[in-house]
Amino acid sequence: MIDLLTIVLAAGQGTRMKSDLTKVLHRLGGKVMVQHVLDNVFCLSKQIVVVVGHQGEEVKSTLDDERLEFVEQKEQLGTGHAVLQAREFIEDHQGPVLILYGDIPLLTEQTLKRLVTTWERSGAGAAILTAFFDNPHGYGRIIRNNQEQIIRIVEEKDASKEEKQIREINSGVYCFNSKLLVKALDNLDNNNAQGEYYLTDAISYLQAKGEKIIPVVVEDKEEILGINDRINLARAEKVIRRRINEDLMKEGVTIIDPETTYIDSRVEIGHDTVIYPFTFIEGNTRIGSHSIIGPYCRIVDVQIGNNVNLRANCHIIESIIEDETNIGPFVYIRPGCRIAREAKVGDFVELKKATVGRKSKVPHLSYVGDAEIGEGTNIGAGTIFANYDGKHKHKSIVGNSAFIGSNTTLVAPVKVGDRGRTGAGAVVTRDVPEDVTVIGVPARIMKKKEGGIEDN
Ligand code: UD1
Ligand code: MG
């Protein structure tokens with residue numbers, strides 16, 4: 001690995017985002033913008049310095065990574081001024097310095113490698129990643145002389161009418177000789193339309209001093225989309241989603257319609273799983289193989305096993321769904337649930353902090369909150385676990401091989417023993433012992449008697 005120092009600029013507010021949140025903390029594909037930039041440089045760099053300023057504490061705590069050094073830019077006086085805040089790191093450094101902006105999240109590691117190796121071979125003062133855009137509006141333009149050499153970069157706001165016609169743009173990614181960079185930074189001024197110290201002026205300074213400036217033209221223009229407003233953000237989101245989906249498809253996941261399937265970058269999915277359209281899979285979610293998911297599901301921080309059938313319109317959050325389960329349609333599983341192997345949670349069921357044991361079924365129209373259901377138990381349609389007494393939440397337990405009749409209300413805290421049974425419409429306020437059937441309101445033990453039922 002070459003001795004590379006990387007500096008990532010993330011101090012600006014991002015006024016054009018019109019947001020209370022600093023620009024680099026806006027999310028793309030489930031990750032904050034600047035994290036995308038950093039993930040590409042961890043492998044390439046010996047040291048990474050992030051320049052923070054606007055909402056700096058939030059940026060630091062969101063990134064929270066011991067591989068990163070942070071320096072503060074107290075006032076945002078421009079990209080050149082931002083790099084100057086990392087001056088002591090640059091001075092101590094022998095090898096090249098890679099500079100990236102925190103608002104260009106679509107770059108790939110491959111392109112960065114190409115920039116650094118081109119710089120290395122050329123012995124130039126700096127190498128810049130450029131691209132030719134049909135609509136270059138908003139970007140700094142690359143000005144070349146008659147010999148096609150780069151002589152300077154002009155910002156949109158400072159450009160003349162003729163310069164605005166130039167289609168070659170500055171991506172905001174540079175590789176500098178560290179010694180020359182320090183010199184150039186010391187000579188920046190803020191004599192421009194924005195009254196800022198532009199990093200881009202380091203280029204004209206070095207060129208005037210006789211240093212070579214090497215352009216590296218990016219092949220895939222999409223990579224250097226700079227995010228300055230919400231329109232750029234949505235455009236980048238689309239690219240990231242497409243890349244994630246394509247990576248998953250290459251690993252054997254079927255995504256029926258990638259255009260309408262939204263999967264976060266950290267999500268893992270096993271082969272031969274099929275994802276139906278209009279499905280959102282977010283956060284730290286892992287899905288096994290041979291499962292069927294969707295359509296119209298939203299899954300956030302969920303572990304899903306193999307051979308799971310998750311039917312339409314389910315919303316699942318922070319829970320565990322084991323192998324060979326059948327879930328949905330129209331199921332709402334809130335945080336803290338575990339659905340064990342071969343269990344079924346059917347239509348219009350809501351679960352919260354609930355365990356459904358192996359081969360148990362909650363097939364229709366139930367609310368199961370703060371509950372533990374054993375194995376091989378059937379919960380009849382319309383059963384309600386009444387967990388809230390108006391002041392506190394209480395837990396209920398139903399044992400193994402129990403049978404809860406339709407429309408039962410289990411008034412928590414209450415326990416139904418193994419093989420316990422409740423009649424349809426029972427309101428259970430006291431524990432039900434093993435092998436016992438209760439019926440009625442409030443529920444009482446049913447004893448078999450000739451000609452009818454006897455209360456206990
Ligand atoms: C910059 C470039 C422009 C290039 C474009 C590519 C300059 C002067 N202009 O313009 O040539 O085409 O990027 O996307 O460099 N930042 C700080 N401190 C500051 C100012 C900015 O840390 O004082 C950070 C921002 O957080 C951001 C990055 O630097 O991540 C770029 O700043 P931005 O204001 O977006 O520059 P552009 O106008 O896009
Ligand atoms: Mg920008």
Side-chain angles (χ1 to χ4, degrees), residues 6-17 19 21-26 28 32-38 49-56 58-60 63 70-86 99-107 126 128-133 135-143 150 152-159 163-164 166-174 176 184-185 188-205 213 215 218 221-233 235-236:
T6 297
I7 300 173
V8 176
L9 306 192
Q13 179 181 2
T15 346
R16 290 164 280 182
M17 295 295 282
S19 175
L21 185 67
T22 196
K23 176 163 71 175
V24 295
L25 290 186
H26 278 259
L28 282 163
V32 296
M33 194 187 298
V34 62
Q35 186 72 55
H36 287 274
V37 177
L38 292 168
V49 180
V50 184
V51 183
V52 296
H54 197 262
Q55 294 180 2
E58 285 87 336
V59 175
K60 272 197 227 175
L63 294 175
F70 292 96
V71 295
E72 202 192 341
Q73 185 193 22
K74 289 204 174 73
E75 265 184 294
Q76 282 71 63
L77 301 179
T79 47
H81 179 260
V83 178
L84 253 179
Q85 311 311 304
I99 298 177
L100 297 159
Y101 298 161
D103 66 347
I104 36 171
L106 301 179
L107 268 175
I128 314 175
L129 206 60
T130 75
F132 289 85
F133 277 9
N135 176 13
H137 181 81
Y139 288 89
R141 310 294 207 285
I142 303 287
I143 313 290
I150 296 182
R152 62 189 178 95
I153 299 170
V154 63
E155 290 306 296
E156 171 86 28
K157 287 186 179 146
D158 300 290
E163 287 167 337
K164 281 187 181 146
I166 296 170
R167 289 177 43 243
E168 188 176 13
I169 63 103
N170 167 32
S171 70
V173 186
Y174 323 79
F176 280 98
L185 290 175
L188 292 182
D189 62 39
N190 62 353
N191 210 350
N192 52 54
Q194 300 186 81
E196 288 185 0
Y197 295 89
Y198 291 163
L199 176 60
T200 43
D201 287 348
I203 298 300
S204 48
Y205 174 83
I213 310 294
V218 74
K221 288 180 225 171
E222 169 179 282
E223 275 194 36
I224 58 174
L225 175 69
I227 313 301
N228 294 317
D229 58 28
R230 311 254 185 174
I231 296 165
N232 299 146
L233 187 71
R235 212 171 279 159

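Just so you know, ligand 1 is whichever comes first in the structure, and atom 1 is the first atom listed for that ligand. Position 1 is the first residue of the sequence, and the numbers go up from there. The model shown is predicted, which means the values in this text are computed figures rather than measured ones.
Between the side chains of E156 and H137, a donor-acceptor pair is found at a separation under 3.5 Å.
Annotation: L9 places an N or O atom under 3.5 Å from an N or O atom of ligand 1; distance criterion only. Inclusion of N228 in the set of residues having an N or O under 3.5 Å from an N or O of ligand 1 is warranted. Taking only nitrogen or oxygen atoms, main chain and side chain alike, G138 does not reach within less than 3.5 Å of ligand 1. For ligand 1, the polar-atom distance check against Y139 finds no nitrogen or oxygen pair separated by under 3.5 Å. Residue-to-ligand polar distances place G140 within reach of ligand 1: an N/O pair is separated by less than 3.5 Å. For ligand 1, one of its N or O atoms has an N or O atom of G12 under 3.5 Å away.
Each of the following atoms of ligand 1 lies closer than 4.0 Å to a heavy atom of E155: 2 (C), 3 (C), 7 (C), 8 (C), 9 (N), 10 (O), 11 (O). The S171 neighbourhood of ligand 1 comprises atoms 6 (C), 14 (O), with distances under 4.0 Å to a heavy atom of that residue. Listed by atom number, the atoms of ligand 1 under 4.0 Å from L77 heavy atoms are 23 (O). Contact atoms of ligand 1 toward Y198: 8 (C) (distance under 4.0 Å to a heavy atom of the residue). Atoms of ligand 1 lying under 4.0 Å from at least one heavy atom of T200, given by number and element, are 7 (C), 8 (C), 11 (O), 15 (O). Which parts of ligand 1 touch A82 is read off a 4.0 Å heavy-atom cut-off, strictly below it: atoms 17 (C), 18 (N), 22 (O).
At least one donor-acceptor pair closer than 3.5 Å links the side chain of R141 to the backbone N or O of K164. Judged purely by atom type and a 3.5 angstrom limit, T79 uses its side chain to pair as donor or acceptor with the backbone of L199. When atom types are taken as modelled, the side chain of D201 and the backbone of Y205 share no donor-acceptor pair closer than 3.5 angstrom. A donor-acceptor pair under 3.5 Å is formed between the side chain of T22 and the backbone N or O of G12. Looking only at distances, no side-chain donor or acceptor of K221 sits under 3.5 Å from a matching main-chain atom of F133. Within the 3.5 Å criterion, the main-chain N or O of L28 finds a donor-acceptor partner in the side chain of H36. D103 places no side-chain N or O within 3.5 Å of a backbone atom of G226 that could act as its donor or acceptor partner.
Of the protein's non-hydrogen atoms, the one nearest atom 32 (O) of ligand 1 is T79 CG2, 4.0 Å. Of the protein's heavy atoms, A11 N, 2.9 Å lies nearest to atom 22 (O) of ligand 1. The nearest protein atom to atom 13 (O) of ligand 1, hydrogens excluded, is given as Y101 CE1, 3.3 Å; this is a heavy-atom distance. If you check which protein heavy atom lies closest to atom 33 (P) of ligand 1, you get R16 NH2, 4.1 Å.
Across the listed options I104, V34, N170, N170 owns the non-hydrogen atom lying nearest to atom 5 (C) of ligand 1.
With contacts defined as side-chain heavy-atom distances shorter than 4.5 Å, the pair N228/K23 qualifies. Annotation: side chain of I224 is in contact with side chain of I169 (closest heavy-atom distance under 4.5 Å).
Contact between K23 and ligand 1 is present, with at least one heavy atom of the residue lying under 4.0 Å from the ligand. Using 4.0 Å as the threshold, D103 has a heavy atom nearer than that to some atom of ligand 1. Within the structure, ligand 1 lacks I169 among the residues with a heavy atom less than 4.0 angstrom away. Residue contact annotation: G78 has a non-hydrogen atom under 4.0 Å from ligand 1. At least one heavy atom of Q73 sits under 4.0 Å from some atom of ligand 1.
Protein N/O/S atoms found under 2.8 Å from the Mg ion (ligand 2): D103 OD2, N228 OD1.
A salt bridge links E163 with R152: the closest approach of a Lys/Arg side-chain nitrogen to an acidic carboxylate oxygen falls below 4.0 angstrom.
Going from atom CD1 of I128 over to atom OG1 of T130 covers 7.5 Å, rounded to the nearest 0.5 Å.
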